[in-house]
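Keep in mind that the numbers below use all heavy atoms, side chains included, and drop hydrogens, waters and symmetry copies.
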Amino acid sequence: MPTTIRALRRTAAAAAAVLTLLAAACGGADQPSGPTGVGKQPVRGGTLNLAFFPDNAAFACIDPFQTYWIEHRTLIRNFTDSLTDQNPDTGEIVPWLATRWQISPDGLDFTFTLRDGVTFSDGAPLDAPAVKANFDSFLQESRDSGGTAYGASYIQGLQSTEVVDAKTVRFHFDQPNSSFLQATSTTNLALLSPASLRRTPQQRCLGGISGTGPFTLDNYTPGQGVTLSRRAGYHWPSPLTKNTGEAYLDKIQVSYIAEDSVRTGDLVSGQIDIAWPRNPFTVEDRDLIARSGAYLRSRSLPGVSYALFPNVSNGHPLADAQVRQALYHAIDVKTLGTTVFGPDYPAVAGAFDKTTPYFATQAAKLNYDPAQAGRILDAAGWRLAPGDQYRSKDGKRLSLTLAVDPTAIGSELLQDQLRKVGIEVQLKVITAAERSAVTANGQYDLLGNYFTRADPGALQFILVEALANSKALARNSQQPETAARIADLFASAVRTTDPVQRRDIYGQLQSALIDEGVAFPLFERVQYAGIRNRVNGFRFTSESFLDLRDVWINP
């Protein structure tokens with residue numbers, strides 16, 4: 001998922017912790033040079049040095065099912081494979097470790113036929129019992145964690161996994177879940193060897209696990225680094241990968257570097273090959289990278305855009321639907337993005353980022369028009385008296401409490417935009433530890449959130465109370481009748497496997513989110529990478545992670 005601040009130029013520099021989620025800025029014009037091996041035949045050999053933002057000390061984990069951390073999921077993608085893959089350009093699900101699948105007419109059963117000749121790096125075969133062992137483990141971890149293991153949201157409704165024969169496995173759900181097919185393409189449902197699954201979840205977090213991918217996980221030291229090595233004999237890539245055999249690279253050496261400027265300096269000096277920032281490069285760093293001969297690549301993270309969710313509980317100003325509608329015209333999302341992250345930063349156009357399948361733009365409803373915002377507020381009785389800076393109604397000032405992360409960026413700019421239409425915004429700085437209590441007690445009017453997944457169903461884990469990680473946030477964000485409608489739209493979307501019907505339902509959903517004032521998108525969330533020109537074959541996956549299967553280094 002995004003973002004928050006201090007002064008405006010201090011902002012872009014402070015962009016080092018966009019709520020720890022906004023993973024970068026758009027590339028567009030920022031594609032200065034490129035790899036020097038274009039047109040040449042790939043060669044094998046060499047070590048790729050990759051620098052990430054440090055992993056989360058509170059939950060250092062490289063186990064596929066448990067982790068949310070984008071950097072870990074990028075590495076997981078390279079030592080594990082999945083039953084299916086997803087085309088990043090079209091959203092289409094394609095075969096991978098499964099050669100084909102069938103979905104029962106009632107949508108309750110998914111039957112997969114497995115590929116022949118696939119093995120885990122510890123030598124175990126990929127067969128139906130191994131797949132069942134993985135999904136049995138997923139279900140157990142979901143129960144043991146109370147649903148907090150990140151992958152739990154991907155298997156909602158899964159009741160059992162059945163071995164039909166050695167190469168056929170069937171998943172049975174207690175209710176239709178059309179999002180499951182896409183879930184089988186993700187890193188969070190990537191497969192591990194049966195021996196790996198015999199380790200405890202805590203042990204798996206720290207490594208010692210084997211996948212079927214083109215690299216093996218040699219070492220993971222939280223806060224320090226990760227080492228991957230090429231696996232001999234790999235020959236079962238996704239059809240989306242050009243390289244049909246073993247990886248080109250001998251080794252991948254990952255380091256964790258907290259300071260953006262240090263990471264960029266290491267890239268331009270040639271000490272690392274790829275700088276992968278958690279937040280956007282500053283304009284100055286982008287220029288430095290371009291002048292060094294390195295190049296930039298970027299892609300929006302699919303899923304929920306960085307958005308603010310309102311507290312519509314009784315007694316809060318945003319319980320008034322007219323005030324919520326006025327906010328859409330009072331917030332200049334284009335200026336927010338370009339001021340904080342640079343002139344080429346894309347304006348958000350809805351509750352989902354543009355790379356999300358079934359995305360339907362809501363840009364017209366997010367049109368910046370402060371005069372219109374003023375007219376809506378006037379009609380709602382929130383008046384601006386002569387000489388007053390803020391509007392009031394029945395003697396009460398129109399004041400909103402925006403809860404923000406201590407290192408957030410963009411908040412003061414948003415505060416300034418709303419001030420121009422007579423809305424006061426008070427910034428309430430809260431730590432991650434305080435967030436749950438603040439949400440549960442309703443001590444806010446606006447609170448940011450996001451969710452990365454290449455399926456619109458991701459948003460139900462924020463807004464549908466029965467599924468949401470924060471029940472209070474889901475409950476506070478919607479009036480009961482709106483919540484029922486949103487939940488029904490999600491339920492309808494996952495009940496049908498017809499892509500035309502799903503597109504229509506998700507289109508209705510995206511429109512309703514703005515019409516009902518349920519989400520206030522602020523930023524498109526985009527992943528950036530700075531890359532030395534000796535690196536060839538760089539590719540983003542559908543999750544906007546890094547696929548190293550095609551990557552090779554000029555000798």
Side-chain angles (χ1 to χ4, degrees), residues 34-50 64 71 73-99 114-123 125-126 184-187 190-192 210-218 226-254 272-274 276 294-295 297-299 454 527 529 531-555:
T36 56
V38 173
K40 297 180 181 179
Q41 287 296 314
V43 295
R44 283 194 163 83
T47 296
L48 182 86
N49 291 294
L50 171 64
E71 289 79 0
R73 289 158 75 191
T74 275
L75 296 178
I76 288 166
R77 179 71 299 160
N78 290 285
F79 68 83
T80 65
D81 300 326
S82 300
L83 287 173
T84 63
D85 201 0
Q86 185 175 24
N87 189 311
D89 298 320
T90 65
E92 178 190 8
I93 304 301
V94 300
W96 192 354
L97 295 183
T99 58
L114 303 178
R115 192 168 180 164
D116 290 324
V118 178
T119 60
F120 294 95
S121 60
D122 62 7
L126 174 78
T184 64
S185 74
T186 65
T187 54
L191 303 177
L192 297 178
S210 300
T212 63
F215 295 93
T216 59
L217 175 63
D218 297 336
V226 182
T227 303
L228 305 179
S229 294
R230 179 173 65 209
R231 182 188 172 189
Y234 183 84
H235 62 275
W236 44 83
S238 158
L240 301 177
T241 303
K242 293 180 181 179
N243 180 10
T244 60
E246 294 180 12
Y248 298 122
L249 298 168
D250 287 337
K251 192 176 289 291
I252 300 161
Q253 187 66 54
V254 179
I272 61 173
D273 296 300
I274 298 178
W276 186 275
Y295 61 101
R297 292 292 181 263
S298 61
R299 185 177 189 271
Q527 179 62 60
I531 310 158
R532 278 182 74 188
N533 62 10
R534 75 172 190 147
V535 176
N536 302 270
F538 181 94
R539 186 179 85 90
F540 281 118
T541 69
S542 64
E543 297 178 285
S544 295
F545 303 157
L546 171 58
D547 189 336
L548 292 166
R549 288 161 171 79
D550 289 335
V551 169
W552 59 280
I553 297 173
N554 281 350

Next on the checklist: Check whether Arg231 reaches the backbone of Phe120 with its side chain - one donor and one acceptor, N or O, closer than 3.5 Å.
Outcome noted: yes

Next on the checklist: Does Ile76 form a side-chain contact (heavy atoms from CB on, under 4.5 Å) with Phe545? I'd like the steps, not just the answer.
Outcome noted: CA-CA 10 Å; Ile76 288 166; Phe545 303 157; over 6 Å; no

Item to check | Heavy-atom check, side chain of Phe79 versus side chain of Thr216, under 4.5 Å | outcome: no

Item to check | Donor-acceptor pair, side chain of Asn536 and main chain of Gly37, under 3.5 angstrom | outcome: yes

Checklist outcome for this item: Interatomic distance, CG@Leu75 vs CD1@Ile252, rounded to 0.5 Å, equals 7.5 Å

Item to check | Spacing of CG belonging to Leu192 relative to CG belonging to Asp81, to within rounding of 0.5 Å | outcome: 11.0 Å

Checklist outcome for this item: Minimal heavy-atom distance between Pro95 and Pro239, with the atoms involved, is O-CD, 3.1 Å

Item to check | Trp276 to Ala529 - nearest heavy-atom pair and separation | outcome: CE3-CB, 3.9 Å

Checklist entry - Do Asp218 and Leu228 have side chains that get closer than 4.5 Å, going by heavy atoms? => result no

Checklist entry - Does Thr187 reach the side chain of Thr80, with side-chain heavy atoms less than 4.5 Å apart? => result no

Item to check | Nearest heavy atoms of Ala454 and Ser542, plus distance in Å | outcome: CB-O, 3.9 Å

Item to check | Value rounded to 0.5 Å, distance of CG in Leu48 from CZ in Phe215 | outcome: 8.5 Å

Checklist entry - Has the side chain of Arg115 got a donor or acceptor atom that lies under 3.5 Å from a matching backbone atom of Leu83? => result no

Next on the checklist: I want to check something: taking the side chain as every heavy atom from C-beta on, are Phe540 and Pro88 in contact at a cut-off of under 4.5 Å?
Outcome noted: no

Item to check | Interatomic distance, Asp547 atom CG to Asp85 atom CG [nearest 0.5 angstrom] | outcome: 7.5 Å

Next on the checklist: For a quick test of reading the model, state the closest non-hydrogen atom pair linking Phe538 to Ile531 and the distance between them.
Outcome noted: CD1-CD1, 3.5 Å

Next on the checklist: Tell me if a side-chain donor or acceptor on Asn78 pairs with a main-chain N or O of Leu548 at a distance below 3.5 Å.
Outcome noted: yes

Checklist entry - Looking only at atom types and distance, does a side-chain atom of Glu246 sit under 3.5 Å from a main-chain N or O of Gly233, one as donor and one as acceptor? => result yes

Checklist entry - What do the steps show when you test Leu191 against Thr212 for side-chain contact (heavy atoms from CB on, under 4.5 Å), and what is the final call? => result CA-CA 7 Å; Leu191 303 177; Thr212 63; 5.6 Å; no

Next on the checklist: For a quick check under 3.5 Å, do Thr47 and Asn49 share a side-chain donor-acceptor pair by atom type?
Outcome noted: no

Checklist entry - Going by heavy atoms in the side chains, are Leu546 and Arg77 under 4.5 Å from each other? => result no

Checklist entry - With distance as the sole test, does Arg230 use its side chain to make a donor-acceptor pair with the main-chain N or O of Tyr248 at under 3.5 Å? => result yes

Checklist entry - Quick one: does Thr84's side chain have a donor or acceptor within less than 3.5 Å of a partner on Ser185's backbone? => result yes

Item to check | Heavy-atom check, side chain of Leu240 versus side chain of Arg549, under 4.5 Å | outcome: no

Item to check | CG-OG1 distance between Leu126 and Thr119, expressed to the nearest 0.5 angstrom | outcome: 9.0 Å

Checklist entry - Stepwise, does the side chain to side chain donor-acceptor pair (under 3.5 Å) test hold for Ser544 with Gln527? => result CA-CA 7 Å; Ser544 295; Gln527 179 62 60; over 6 Å; no

Next on the checklist: Does any part of the side chain of Asn243, heavy atoms only, come nearer than 4.5 Å to the side chain of Pro237, both counted from C-beta?
Outcome noted: no

Checklist entry - Between the main-chain N or O of Gly46 and the side-chain N or O of Asp250, is there a donor-acceptor pair closer than 3.5 Å? => result yes

Checklist entry - So do the side chains of Arg532 and Ile553 get within less than 4.5 Å of each other, counting heavy atoms only? => result no

Checklist entry - Backbone N or O of Thr186 within a donor-acceptor pair of the Ser82 side chain at under 3.5 Å? => result yes

Checklist entry - Judged by atom type as modelled, is there a donor-acceptor pair below 3.5 Å linking the side chain of Trp96 to the main-chain atoms of Trp236? => result yes

